[in-house]
Amino acid sequence: MTLQLLQGQQNKQLFHFWGGTPEKTEQLFTKQVKVIGTSKGNGKTVTAFESSISVPNEEIVKPPHHYAESVGYLILPSKGIWKLDVYIEDKLFGSIIVDVQEK
């Protein structure tokens with residue numbers, strides 16, 4: 001799957017996090033998340049996203065919580081393929097690949 005984003009624009013994103021069990025997922029609440037992007041083309045790295053992890057809307061998702069979420073703007077400065085490394089409290093949580101398009 002390829003997520004298509006526009007270069008240099010604020011691309012609003014909602015990240016979901018699963019801890020494996022509801023208890024481990026709930027331990028993620030209020031922790032800081034940072035996404036570091038690395039360009040495949042030139043190796044440049046940027047901080048593309050920073051936010052905190054929150055509880056899903058409990059009017060829609062009732063406990064136990066099987067996932068946590070973080071919403072914010074993902075910004076990547078140039079087109080091309082980018083690897084996004086997701087860190088929670090400075091510990092690598094996972095990675096995804098995105099294809100950034102021109103405006």
Side-chain angles (χ1 to χ4, degrees):
M1 178 176 85
T2 302
L3 175 64
Q4 291 192 349
L5 303 170
L6 296 177
Q7 75 178 44
Q9 291 190 0
Q10 292 183 338
N11 297 278
K12 190 168 187 178
Q13 299 296 316
L14 175 62
F15 288 94
H16 288 101
F17 300 95
W18 289 266
T21 66
E23 295 78 20
K24 288 182 180 179
T25 297
E26 290 174 358
Q27 291 173 3
L28 298 174
F29 296 161
T30 73
K31 292 191 175 179
Q32 295 299 303
V33 60
K34 182 189 297 187
V35 177
I36 304 297
T38 304
S39 169
K40 180 179 179 184
N42 62 18
K44 179 178 181 176
T45 62
V46 298
T47 299
F49 178 94
E50 288 185 277
S51 189
S52 61
I53 297 174
S54 61
V55 178
N57 182 339
E58 289 191 336
E59 291 180 19
I60 299 170
V61 180
K62 303 292 183 200
H65 296 102
H66 296 283
Y67 70 91
E69 61 188 26
S70 183
V71 66
Y73 291 95
L74 180 66
I75 302 172
L76 295 166
S78 60
K79 70 177 185 171
I81 304 297
W82 287 78
K83 179 182 177 194
L84 304 180
D85 293 315
V86 180
Y87 293 87
I88 297 176
E89 299 290 323
D90 297 320
K91 181 178 177 187
L92 183 63
F93 190 79
S95 300
I96 60 174
I97 304 296
V98 297
D99 182 6
V100 178
Q101 303 293 311
E102 288 188 62
K103 293 182 184 179

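Position 1 is the first residue of the sequence; numbering continues from there. Every value quoted in this text rests on a predicted model; they were computed, and no experiment measured them. We use all heavy atoms of the structure for the numbers below, so side chains are in, but hydrogens, waters and symmetry mates are not.
Looking at heavy atoms from C-beta onward, T25 lies out of side-chain contact with H66 at the 4.5 angstrom threshold. Between V46 and I75 the shortest side-chain heavy-atom distance does not fall below 4.5 Å. Using a 4.5 Å cut-off on side-chain heavy atoms (C-beta onward), S78 and K44 make no contact.
Remark: of the listed residues F93, F29, Y87, F93 is the sole one forming a ring-ring contact (aromatic ring centres under 6.0 Å, His included) with F17.
Counting non-hydrogen atoms of neighbouring residues, nucleotides and ligands closer than 6.0 angstrom, the CG atom of D90 reaches no more than 12 such neighbours.
Here the closest heavy-atom approach between residue I81 and residue I97 is recorded as CG2-CG2, 3.5 Å. Nearest heavy-atom pair, Q32 versus E89, reported as atom, atom and distance to 0.1 Å: N-OE2, 2.7 Å. Closest of all the heavy-atom pairs between H16 and E69 is NE2-OE1, 3.8 Å. S95 and K83 make their closest contact through OG-CE, 3.7 Å (heavy atoms, listed as atom of the first residue, atom of the second, distance). Residues T38 and G43 share a closest heavy-atom pair of CG2-O, 4.0 Å.
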| said: What verdict does the side-chain contact (heavy atoms from CB on, under 4.5 Å) test give for T47 and I36, after you've listed the backbone C-alpha separation in whole Å, the side-chain angles of each residue and the deciding distance to 0.1 Å? | reply: CA-CA 5 Å; T47 299; I36 304 297; 3.5 Å; yes
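A donor-acceptor pair is defined here as one N or O able to donate and one able to accept, closer than 3.5 Å; such a pair exists between the side chain of S70 and the backbone of S52.
Put simply, V71 and V98 are part of two different groups of oily side chains (I, L, V, M, F, W, Y) that touch within less than 4.5 Å, one to the next.
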